[in-house]
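Below: one structure, written as structure tokens.
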Amino acid sequence: DPYADDPPRHPALQTNTLKPFNAEPPPELISENYLTPNQLFFKRNHLPVPNVDPATYRLHVGGPRGRTLSLSLQDLKKFPKHEVTAALQCAGNRRAEMNSLKNTNRLGWNIGAISNARWGGARLRDVLMQAGYKQDDEGHVCFEGLDKDQSGTVYGASIPFKKAMCLEGDVLLAYEMNGEELPRDHGFPLRVLVPGIVGARNVKWLARITVSPEESPSHWQQKDYKGFSPGVTWDTVDFSKAPAIQDMPVQSAITEPSPQTTISPGELTVKGYAWSGGGRRIIRVDVSLDGGKSWREAELTGERQLPGRAWAWQLWQLNVSVPAGTRELNVVCKAVDTSYNEQPDTVGPIWNILGVLNNAWHRVHLLVAE
Ligand code: MTE
Ligand code: MO
């Protein structure tokens with residue numbers, strides 16, 4: 001069993017698949033902490049978790065003109081340490097809602113394939129400059145992990161060179177997560193942390209970095225994590241036609257109360273999270289109790305981040321009073337980012353064969369009993 005050596009996990013996680021391990025925190029725990037505790041942070045693995053010896057670990061960086069760097073963990077810790085609070089979201093977050101419209105036969109993530117942490121590490125740009133790259137070089141920075149399938153194929157992905165080199169891009173080679181050593185499930189001893197960009201490019205157990213005129217040839221860059229029109233089927237799909245997902249669209253969800261719970265009239269607190277990709281700050285979260293006919297603004301909490309560098313999520317809450325005689329509530333939320341991007345109201349028009357990028361209004365139906 002290639003998974004026999006996987007690490008132990010927190011029992012509160014809701015498991016999607018055990019081998020490989022894919023799990024998310026239950027909704028009511030998501031908004032308990034602004035920084036998601038490492039054990040509760042969602043875990044998305046395509047392959048068995050490598051068991052890396054930190055003493056012999058080396059990161060290989062391919063430089064210009066055949067030059068290469070081989071860096072130990074100690075070498076990496078000599079670069080200035082940079083810290084960033086950033087949320088990480090899987091492209092498949094909230095796929096369950098797409099699956100219930102029309103099954104994609106892919107992992108049925110609920111609303112928890114997103115978490116928020118304080119990451120620490122070396123700036124990718126510092127390491128690329130040490131390897132000999134210059135600010136105005138071009139192309140894609142390709143990453144390879146140490147996790148491999150039975151045929152020896154490793155996980156890989158890439159990001160644009162500009163994102164990697166930009167000082168305001170805050171891209172890290174992270175060895176710390178919430179002040180602790182990076183846990184095995186999250187890429188020990190080193191992962192790429194690309195703030196504002198889809199989870200899939202944040203390569204864990206990082207083995208190799210190269211710069212290329214082309215994007216990563218990896219399956220996960222070329223044949224997955226792309227968005228398609230709702231009408232595209234497995235018979236008609238042309239993966240070369242759609243760009244790989246990088247920045248993500250504006251997102252929000254209701255974490256409390258849980259769907260279909262019965263509440264009493266009187267005070268009610270509705271809670272959730274909101275986040276947008278590309279460093280766009282959340283400027284507002286609108287909440288409706290009547291399925292979208294009338295709206296109120298939620299109260300946002302979270303770190304105040306720099307413009308264009310709002311990588312972290314915001315938690316939100318709204319206190320309402322539910323009048324006696326109410327029979328049900330149709331709670332809805334939608335967030336707005338600094339570019340005034342809004343979420344679409346329903347899943348239908350954004351459904352796609354891969355079940356990615358679901359950012360439709362999140363809806364929770366509640367029953368009210370005296
Ligand atoms: N990196 C490697 N090496 N192997 C993987 O399977 N999964 C990717 C990304 N990096 C993956 C990887 C995907 S799809 C996501 S969403 C994030 O890691 C999840 O990161 P997390 O498990 O730390 O939450
Ligand atoms: Mo993902």
Side-chain angles (χ1 to χ4, degrees), residues 2-3 6-7 9-10 13-17 19-25 30 35-52 57 59 86-95 104 106-109 112-119 121 142-149 152-159 171-178 180-209 216 218-221 223-227 244-246 248 251 275 277 313 354-358:
Y3 294 93
D6 268 24
R9 277 98 183 200
H10 197 283
L13 290 172
Q14 295 179 344
T15 304
N16 245 309
T17 60
K19 300 174 180 185
F21 191 71
N22 286 295
E24 63 187 296
I30 297 174
L35 295 178
T36 314
N38 292 352
Q39 291 199 317
L40 291 176
F41 202 100
F42 86 98
K43 298 171 203 320
R44 204 286 177 243
N45 297 334
H46 292 82
L47 298 161
V49 174
N51 200 340
V52 184
Y57 170 81
L59 171 69
L88 200 63
Q89 180 179 229
C90 183
N93 191 29
R94 302 182 56 201
R95 182 182 289 125
T104 65
R106 293 160 59 93
L107 292 178
W109 294 107
I114 181 171
S115 302
N116 193 54
R118 180 91 179 151
W119 308 89
C142 304
F143 308 109
E144 283 179 21
L146 288 164
D147 48 337
K148 37 168 113 53
D149 67 12
T153 305
V154 298
Y155 187 86
S158 62
I159 60 169
V171 182
L172 295 185
L173 299 180
Y175 46 77
E176 245 180 51
M177 182 176 180
N178 292 323
E180 294 165 26
E181 181 172 83
L182 195 65
R184 278 187 66 201
D185 259 328
H186 300 286
F188 178 82
L190 194 76
R191 84 174 303 165
V192 194
L193 195 279
V194 198
I197 301 285
V198 67
R201 315 298 168 219
N202 294 248
V203 176
K204 306 192 273 190
W205 313 290
L206 186 63
R208 186 173 301 278
I209 302 178
S216 164
S218 153
H219 167 86
W220 293 280
Q221 188 79 18
K223 297 283 169 72
D224 199 350
Y225 299 113
K226 295 188 171 194
I245 302 168
Q246 295 285 353
M248 296 211 79
Q251 176 70 289
W275 179 77
W313 69 10
L354 295 179
V356 291
L357 301 167
N358 181 16

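Both counts, for ligands and for their atoms, begin at 1 and track the order of listing. The shown structure was predicted, so the numbers you read here are calculated from the model rather than taken from an experiment.
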Closest contact, heavy atoms only, G112 versus E24: N-OE1, 2.6 Å
Exercise: identify the closest heavy-atom pair between A23 and L13: CB-CB, 4.0 Å
Flag, side chain of W275 to backbone of G196, donor-acceptor distance under 3.5 Å: no
With Y225 via ring-ring contact (aromatic ring centres under 6.0 Å, His included) - residues at least two apart: none
Under the ring-ring contact (aromatic ring centres under 6.0 Å, His included) test, residues paired with F41 that sit two or more places apart: W119, H186
Any residue meeting side-chain hydrogen bond (donor to acceptor under 3.5 Å, both in side chains) with N178, in chain and number order, not counting sequence neighbours: N38
First-shell residues of ligand 1 [heavy atom, distance under 4.0 Å]: F41, F42, K43, R44, N45, H46, L88, C90, D147, Y155, H186, R191, G199, A200, N202, V203, K204, W205, Y225
